[in-house]
Trainee: 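This structure is in structure tokens; I'll ask about it shortly.
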Amino acid sequence: DTGVSQNPRHKITKRGQNVTFRCDPISEHNRLYWYRQTLGQGPEFLTYFQNEAQLEKSRLLSDRFSAERPKGSFSTLEIQRTEQGDSAMYLCASSPGTQGGETQYFGPGTRLLVL
Amino acid sequence: GENVEQHPSTLSVQEGDSAVIKCTYSDSASNYFPWYKQELGKGPQLIIDIRSNVGEKKDQRIAVTLNKTAKHFSLHITETQPEDSAVYFCAALSGGSYIPTFGRGTSLIVHP
């Protein structure tokens with residue numbers, strides 16, 4: 001399968017714990033995006049990378065959130081000191097990044113529940 | 001920034017009927033409009049998109065229309081089937097930006 005993959009698919013954690021999610025984009029896509037989605041809402045942008053450079057971060061991304069894409073391939077999203085309000089679906093998407101290649105392809109998401 | 005409004009929030013139809021979902025956008029510089037289908041527990045999947053130099057695009061039972069003057073675009077699904085039941089999201093992308101703004105979604109229910 002050559003689509004976007006995300007791991008884990010589900011994560012249950014206790015408040016205050018740290019969690020890390022991984023995203024593997026479609027091969028050769030140089031743009032990678034992270035979104036958060038809560039029930040009844042569309043995806044909300046968190047951050048995006050072009051290759052290994054993090055180019056934009058949303059105000060939604062508090063200092064407890066950090067994302068990396070060290071070699072321009074897979075990416076990780078870490079949430080430190082989780083809070084119950086962090087419970088959501090975390091979606092990753094990738095796009096070619098070329099002229100006319102702005103279409104984003106989403107992974108299946110990681111559903112986080114903070115108890 | 002861009003603001004995308006999507007209506008209705010819920011749409012219930014009988015199998016075989018047509019379904020129409022409408023979105024409006026605020027930024028006249030937006031030039032790319034994708035539509036995504038999201039099934040329960042899955043990520044959004046692109047079903048059709050349209051660029052601002054085109055007024056209509058069709059793919060089998062799905063079509064999208066764009067009215068740049070009025071700043072609205074619509075998704076049309078004909079001959080609906082139960083497997084069309086899902087949440088549909090519209091989005092708008094402004095030229096020079098790589099971050100789309102999504103609507104709040106429409107839950108489509110197709111009754112057999």
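Numbered from 1 within each chain, the chains take letters A, B, ... in sequence-line order.
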Trainee: Test of understanding: clusters of I, L, V, M, F, W, Y form through side-chain heavy atoms closer than 4.5 Å, transitively. Do B:I21 and B:Y25 belong to the same one?
Mentor: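 They do share one cluster, since a chain of ILVMFWY contacts under 4.5 Å joins B:I21 to B:Y25.
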
Trainee: Quick one: pull up CD in A:Q50 and OH in B:Y98 and give me the separation to the nearest 0.5 Å.
Mentor: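 With rounding to 0.5 Å, CD (A:Q50) is 6.5 Å from OH (B:Y98).
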
Trainee: Give, as side chain, backbone, both or neither, the part of B:P44 having an atom under 4.5 angstrom from any heavy atom of chain A.
Mentor: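 For B:P44, heavy atoms of backbone and side chain both lie under 4.5 Å from chain A.
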
Trainee: Mind listing the closest non-hydrogen atom pair of B:K42 and A:M89 along with its distance?
Mentor: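 What the structure gives for the nearest pair is O-CE, 4.5 Å.
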
Trainee: May I ask you to name which of A:P108, A:G42, A:P43 has the most heavy-atom pairs under 4.5 Å with chain B?
Mentor: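 Among A:P108, A:G42, A:P43, the one with the most close pairs to chain B is A:P43.
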
Trainee: Grab the two heavy atoms, one from B:P100 and one from A:Q104, that are nearest each other, plus how far apart they are.
Mentor: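 The pair with the smallest heavy-atom distance is CD-NE2, 3.2 Å.
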
Trainee: What part of B:Q45 lies closer than 4.5 angstrom to a heavy atom of chain A: side chain, backbone, both or neither?
Mentor: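 Side chain only.
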
Trainee: Taking the side chain as C-beta and beyond, is there a heavy-atom pair between A:Q37 and B:F89 under 4.5 Å?
Mentor: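 A side-chain contact under 4.5 Å exists here.
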
Trainee: Return the option, out of B:L46, B:T101, B:I99, with the maximum number of heavy-atom pairs under 4.5 Å with chain A.
Mentor: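 Highest number of pairs under 4.5 Å: B:I99.
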
Trainee: If you count the non-hydrogen atoms of other residues, nucleotides and ligands that lie under 6.0 Å from CD1 in B:I109, is the total more than 12?
Mentor: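 Above 12, so yes.
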
Trainee: Considering only heavy atoms, which portion of A:E44 lies under 4.5 Å from any heavy atom of chain B: side chain, backbone, both, or neither?
Mentor: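 Neither part.
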
Trainee: Taking atom OH of A:Y105 as the centre, report whether more than 12 heavy atoms of other residues, nucleotides or ligands fall under 6.0 Å from it.
Mentor: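 No, because the 6.0 Å sphere around OH of A:Y105 holds 12 heavy atoms or fewer from other groups.
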
